[in-house]
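A note on names: the letters A, B, ... follow the listed sequences, proteins ahead of strands, and every chain is numbered from 1.
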Amino acid sequence: MHANLFLSMEYNFSEIEKKWQKAWEENGVYTVSNESDKPHYYVLDMFPYPSGAGLHVGHPLGYIASDIYSRYKRLKGFNVLHPMGFDSYGLPAEQYAIQTGQHPEKTTFENIDRYISQLKKIGFCYDWNREVRTCDPKFYKWTQWAFVQMFNSYFDPKTQKAQPISKLIAEFEANDPKWATLSEREKQERLMNYRIAYLADTKVNWCPKLGTVLANDEVSEGLSVRGGYPVEQRVMRQWCLRVSAYAGRLLEGLERIDWTESLKETQRNWIGRSEGAEMQFAVKGQDAPFTIFTTRADTVFGVTFMVLAPESEYVQRVVTPEQKAEVDAYLARCKNRTERERIADRKVTGVFTGSYAINPLTQGEIPIYISDYVLAGYGTGAIMAVPAHDSRDYAFAKHFNLPIIPLIEGADVSEESFDAKEGKMINSGFLNGMEVKDAIQAMKEYITNTGIGRVKVNYRLRDAIFSRQRYWGEPFPVYYKDGMPYTLPEESLPLELPEVSAFLPTETGEPPLGNAAIWAWDEKNKKVVDKSLIDNKTIFPLELCTMPGFAGSSAYYLRYMDPHNDQALVDKNVNAYWRQVDLYLGGSEHATGHLIYSRFWNKFLYDLGYICEDEPFKKLINQGMIQGRSNFVYRYIGEGATGNLYISYNLIENPEYKDKVQPIHVNVNIVNNDVLDINAFRAWMPEFKNAEFVFADGTSSELTGYTAGAKQYICGWAVEKMSKSMFNVVNPDDVIAKFGADTLRLYEMFLGPLEMSKPWDTNGIDGVHRFLKRLWNMYENITDEEPTKEELRSLHKLIKKITWDIENFSFNTSIPAFMIAQNELSALKCSKRAILEPIAVLLAPYAPHIAEEMWHRCQAIGKKVSSENFIDLQASLDEVRSFVVNAEWPECNEAYLVEDTQKYPVQFNGKVRFTLECPKDTPKEEVEKLVLAHEDTSKYLAGNTPKKIIVVPGRIVNIVM
RNA sequence: GCGGCAUUGGCGGAAUUGGUAGACGCGCCAGACUUAGGAUCUGGUUCCGAAAGGAGUGAAAGUUCGAGUCUUUUAUGCCGCACCA
C-alpha cells in the first residue's frame, strides 16, 4: 500500500508537515545563491542566544513574520537571503560550566541543536547552509580580524573617517620632530591615544570575592547581586572601542534609514548631541586656566561658583593645603560609590577646594567646589554653575549658601531655578534686553572673537569597554611586549580559545584565561606555545581578557552573505550584490546596545573599503514581546483551613471566602479555557496530591467524593512575563504536536499587530485550526470548471488584501481575510482550481506546509494525472517537481472587484438611519433625489427642511437639518 | 524629570485617505446531530431597553456635515533614558 495522500480527506497536519519539510530539504529548495539575475532582498532575524530552556512560544513571533515576508518576496520574484545562526558566546553557558564543570562549548552546542530542531519544525525558509555561530573559530576569526583592523586604525576628525594608523605615523614623522626621539614604547603609548581599538584605564565595579568585574545591574547597594559580596570601584586597564568618534555620523545616519521613530529617538538620546561652548576660566593666583563646557553660554554673568567632578584632573591643581584633608576625605567617599549609587542618591554633597576662579566677563572671584553631581566623563568634567537657571546648581547653591543671581526678566528664583530657555536677559552686561536664543548666539560669537572659548559640540555617547574578564568569549589576538600590546599577524588568525583547568578567575585575580597552560605567543614561529616558555624576547604573554557579547553580533549579517569564505569576512562582489540588510526584525531591547555597536562596526568597515554600504540595516521592525497568561488556583486560608482546599475563581468574592484565599500559580498546560484539569493538578506536585475543591457551582469535592467529571473548577488569570516561575511557559513543540506548525504560525500572527506586545493565550488557537481544516476540505474534489464572477471577486479581494497586508507588515489582519474568503467560497461550494490554486499561493507564506499540499493537489488536476498515479507520494513528487515556494504571486485584477451597485448609508445629522442602494456611478444629484424620494426620509426629517445635503460619491450621504 | 508607545465588548483584536464602530476569532447563549465528551454544524452575542429608541472607542474640550482616526488639555499603563552642564 502506498502512502495515501489524496484519498483520506482528514487534515493530517503532522504527516503533511513532515512530508514537505523532507521534500524541501532533499530538493534544496531554500538554498540561496549569490549569483542571480533576480533582484536581491535580504531579510534578517536578530539571531538568538541559545538558552538552556529552549524556545518558548514567544520567540518565533518575529521569525514567523520575517519568514512570511521572505516567502512573499520570493514569490514576487526576488532572490531572498534569509539566514539564521546563533549568538553563542555568553554568560549563562559559562555560569553553568562553573557550576557543573561541563565545558561551555558542550552545553552551547546541545542548546543549539535543540534550537535548530525546534526551528526546523516550524517550517522556516532559512538557508541552513549559511548558519553561523559566533563561537566557531571560522566565524570569530573575522571578529578578531575586525579588532586588529580597529587597532591599526585611527579616526581622522577632518575627513570624519577611519584611516590606517600608518598614515598618522607618517604624519608624525613628517611634521613632529619630537617623534623620532621617542622610544618604541613612547611611540606606542602616543599611538594608543588615537587607535580605534585602544587600551585605557577605566573605572569598573570590581568584586574581590568573585574575582570579577560586574556590570552595573549586577551590583546593588554596593554588594554583588549574586552572593552579596562587597563591590569596589577599581581602575583597570581595558580594551575600548572609540565609538564616540563616530557619534556625529551615527546620529546623522539615522536620517537615512527606515526605522521606527521611537527607536531612532532612543538612539538620538543615547548619542546625546548637545551644542554649547567650551570656555576658559582662570584660577586666581595660578597661570593655567581650566576649561568648562556649557550649553548656556548666555548665563556667564550669573556664574556664582564652579564645580569639578571628583575624578577631574583639575582637582589636585586647585586644592589648597588648608582644604586638602577635607577634599581627600570627600574623594575617598566618592570613590567607593558606584556610578549608579551616585545617581540614585540625590542628596547634595560637595566640598570647597579653597581656590577661586575668575569670571572672564565680570572679572569677579568665584569659589571652586568639587561635587559628584558633575560627571568626569561628560564635557570637560568641570562646569560653571548658574544656580538661578539650573536646578542642580540651584540645589547646590542653597545647600552651601551661595549667591543666586537671576538673569531673566521676571524669573522668580526664590523657590526654584528657572531652567527654561526663554525670556529677556537682565543683569548680563551687553546681553541685557536680548531674548535667550539671541543671547546664546551673541555670547558664542563673543567668546570666539575674544578667544576665551570656542563653540563645541558634545556627545553623551561613550566609548565601549571591550574587555571582559571571562572565559566564554572571543580571545583577543593580542600579546604584550614590554607592557605594550601587539596584534597577531592576520595569517595567524583565528587565535583559538584555549583549554583551561578552571573557568573561574585565578587565585591571583587574573581572568579565567590565566588558567590556560598553553597561552603564550611565539613571535618567531607564529604560534601559540606553553606559558612556561615566556622569555619576553621572542615568546610573550597573550591577553587574558575575552571580548564582550556584542563583538560577535556586530558584523554577523555580513558573514551570512558569504559564510564559507576563508579569505575575507565577505567577498567584495558578494557584498556588492547583497549590499545590506533590507529588513531587520528583532526586539527593541537591542535599541542602544547591539544596534549602535553594529552601526559603528559597519561604518568602520565601510571607511576601510571592505563593504559598500555605510548603514547595515535599511529597514528595521521591532516585534512586540509575547507575554505569558498565567492561571491561578485559590487556596483557602480562612478559619479552619487545612491548606488543602481550593476555591473556584467565581466564588472568591463571596463573603465567606473574600480575603481568605491565597492565589497560587498553576501550570497553564493543565488548564483549558480557565477550567482546571483536576486529576492533572493532583498529579502535578506532591503538595496538591490530596487537593479538595469548591467548584464553580458551590459544591465541594469533599462532600461529593468527586474525582473527575463534569464539575468545573475555574481558575483566575493574569497577564505576566512568560517565565518558568509563573508556570505559564508554552512550548512551541507541544503546540505543533497538537495543532501543527501551520496552525502555530497562523495563530502567532493572528494574536495581534506585530509590533505590539500581547499575551499568549492558547485558548484561541482552535479557531485558526478549525479554519485550516475547513479550507482543507475545499480541496477534496478540485475541478477545472470556469469560476463565477462571485468566486473571482472573493479571490481577488483576497489577493488585494493579502498583498497589502504583507507589504505593510500587517500580518494579523490577513488571517481574518483568509477566513472570510473561505466562508464566502464554501458558501458558494467552490471547488475550482482557478480559485483554489491562487489561494494556495497566497496562503503559502503563512502556512507553507498545507499550502504546498493544496497546491500540488491543484497541479495534479491540471496535469490530468490519473488518480492511481498521484496516490503515491514519491511518484507525485517526481511528476510535479516544482513547489509552491517557487510559484508566482497572483495579481489582483481590479475589474473583478467592481460592484454593479453602490450602497449608501444615509445619515440624518450624522446618525445612520437606512441604506440606499443605487446603480454604480449614479451622479451626485441623482443620489440626492433618490434619498429625498425614499419612503423613510420624511419620517426622519420629521417636518424639518434639510439645510444641507452632503453626498460623498461612493461613500455616504448626510442630511443636515 | 525627559522621551516614546498604548488605552475600543467578557477576552485577543478589526476599522488602510476623517465616511455604517465592534470585522475575524475566542468565550458565552440557544438549537441540530450524536444518548457521555474539550467532536461537528446552524443561529445569536457592545451596553441600557419588552420594543420604539437611546448611549457608546480612558476623561474633558475643540475643528468638521461627519472624529476611534485630526488638535489641545488630562488620567492610567507599558517601555527606554536619566544629576549630560
Query raised in the report: So what does A:Arg913 hit on the nucleic acid, given a heavy-atom distance under 4.0 Å: a base, only sugar-phosphate, or nothing?
Result: sugar-phosphate

Query raised in the report: Between B:rC83, B:rC65, B:rA23, which one does the side chain of A:Leu375 approach most closely?
Result: B:rC83

Query raised in the report: So what does A:Val960 touch, heavy atoms closer than 4.0 Å: a base, only the sugar-phosphate, or nothing?
Result: sugar-phosphate

Report task. Count the heavy atoms of every other residue, nucleotide or ligand shown that sit under 6.0 Å from CD of A:Glu415, and state whether that count exceeds 12. Result -> no

Query - Side chain of A:Trp270 (C-beta onward), nearest among B:rA85, B:rC81, B:rG19 - result: B:rC81

Query raised in the report: Under the 6.0 Å and 45° cation-pi test, does A:Arg460 pair with A:Trp270?
Result: yes

Query - A:Lys911 side chain near B:rA55 phosphate (N/O to OP1/OP2, under 4.0 Å) - result: yes

Query raised in the report: Base, sugar-phosphate, or nothing: which does A:Lys456 touch, judged by heavy atoms less than 4.0 Å apart?
Result: nothing

Query raised in the report: Taking O4'-C1'-N9-C4 for purines and O4'-C1'-N1-C2 for pyrimidines, is B:rG49 syn (within 90° of 0) or anti?
Result: anti

Report summary line: Residue pair A:Asn909/A:Tyr459 against RNA chain B: nearer the 5' end by closest nucleotide is A:Asn909

Requested in this report: Kindly point out which of B:rC84, B:rC65, B:rG12 is positioned nearest to the side chain of A:Lys758?
Outcome: B:rG12

Report task. Kindly check if the number of other-residue, nucleotide or ligand heavy atoms within 6.0 Å of NZ (A:Lys947) is above 12? Result -> no

Query raised in the report: In whole Å, what separates the P atom of B:rU7 from that of B:rG68?
Result: 14 Å

Query - Nearest-Å distance once atom C1' is located in both B:rU74 and B:rU20 - result: 31 Å

Query raised in the report: Would a 4.5 Å heavy-atom cut-off, applied to side chains only, mark A:Val957 and A:Gln907 as touching?
Result: no

Query raised in the report: Taking atom types as they are modelled, is there a donor-acceptor pair under 3.5 Å from the base of B:rU20 to the side chain of A:Arg955?
Result: no

Query raised in the report: What distance do A:Asn667 atom CG and A:Asn728 atom CG have between them, rounded to the nearest 0.5 Å?
Result: 9.0 Å

Query raised in the report: On a whole-Å scale, what distance lies between the C1' atoms belonging to B:rC79 and B:rU42?
Result: 46 Å

Report task. Kindly say if A:Arg629 contacts the phosphate of B:rG12, meaning a side-chain N or O under 4.0 Å from OP1 or OP2. Result -> no

Query raised in the report: So do the side chains of A:Met778 and A:Leu825 get within less than 4.5 Å of each other, counting heavy atoms only?
Result: yes

Requested in this report: Output the single nucleotide from B:rC65, B:rU20, B:rA6 whose closest atom is nearest the side chain of A:Pro905.
Outcome: B:rU20

Report summary line: A:Pro759 has its side chain closest, among B:rG12, B:rU20, B:rA82, to B:rG12

Requested in this report: Salt-bridge test for A:Asp734 and A:Lys738: reply yes if a basic N is under 4.0 Å from a carboxylate O, no otherwise.
Outcome: no

Query raised in the report: Can you tell me how far P in B:rC47 sits from the matching atom in B:rG12, rounded to whole Å?
Result: 16 Å

Query raised in the report: In whole Å, what separates the P atom of B:rA21 from that of B:rG66?
Result: 14 Å

**Report entry** Side-chain N or O of A:Arg392 closer than 4.0 Å to phosphate OP1/OP2 of B:rC84
**Finding:** yes

Requested in this report: Give a yes/no on whether any side-chain N or O of A:Lys948 is located under 4.0 angstrom from OP1 or OP2 of B:rC65.
Outcome: yes

**Report entry** Residues A:Lys797, A:Glu824; criterion salt bridge (Lys or Arg N to Asp or Glu O under 4.0 Å); working and verdict
**Finding:** CA-CA 11 Å; A:Lys797 215 168 68 184; A:Glu824 286 172 356; 2.8 Å; yes

Query raised in the report: Do A:Lys758 and A:Glu748 meet the salt-bridge criterion of a basic N to acidic O distance under 4.0 Å?
Result: no

**Report entry** Closest listed nucleotide, where the reference is the side chain of A:Asn812 and the choices are B:rA14, B:rC65, B:rC24
**Finding:** B:rA14

Report summary line: Value for CZ (A:Arg629) from CH2 (A:Trp760), rounded to nearest 0.5 Å, stands at 13.0 Å

Query - Bracket notation of RNA chain B in which parentheses pair within the strand, [ ] cross earlier pairs, and | pairs with another strand (Watson-Crick or G-U, under 3.5 Å) - result: (((((((..(((......[....)))((((((.......))))))(((....)))..(((((..]....))))))))))))....

Query raised in the report: Closest to the A:Thr813 side chain: B:rA85, B:rG53, B:rA15?
Result: B:rA15

Requested in this report: Kindly say whether, by distance alone, the side chain of A:Lys773 makes a donor-acceptor pair under 3.5 Å with the base of B:rU40?
Outcome: no

Query raised in the report: So, is A:Ser274 close to the B:rA85 phosphate, meaning a side-chain N or O under 4.0 Å from OP1 or OP2?
Result: yes

Listing time: all N or O pairs from protein to nucleotides 25-30 of chain B that are below 3.5 Å?
unit_1: B:rC26; atom_1: OP1; unit_2: A:Arg770; atom_2: NE; d: 3.4
unit_1: B:rC26; atom_1: OP1; unit_2: A:Arg770; atom_2: NH2; d: 2.4
unit_1: B:rG27; atom_1: OP1; unit_2: A:Asn673; atom_2: ND2; d: 3.4

Query raised in the report: When all nucleic acid strands are considered with a 4.0 Å heavy-atom cut-off, which category describes A:Leu751: base, sugar-phosphate, or nothing?
Result: sugar-phosphate

Query raised in the report: What does A:Gln907 touch in the nucleic acid at a heavy-atom separation under 4.0 angstrom: a base, only the sugar-phosphate, or nothing?
Result: base

Query - Sugar-phosphate only, base, or nothing, as touched by A:Arg268 at under 4.0 Å among non-hydrogen atoms - result: nothing

Query raised in the report: Pick the nucleotide of RNA chain B nearest each of A:Thr380 and A:Asp677; which residue has the one closer to the 5' end?
Result: A:Asp677

Query - Lys NZ or Arg CZ of A:Arg599 over A:Trp259 ring: under 6.0 Å, within 45° - result: yes

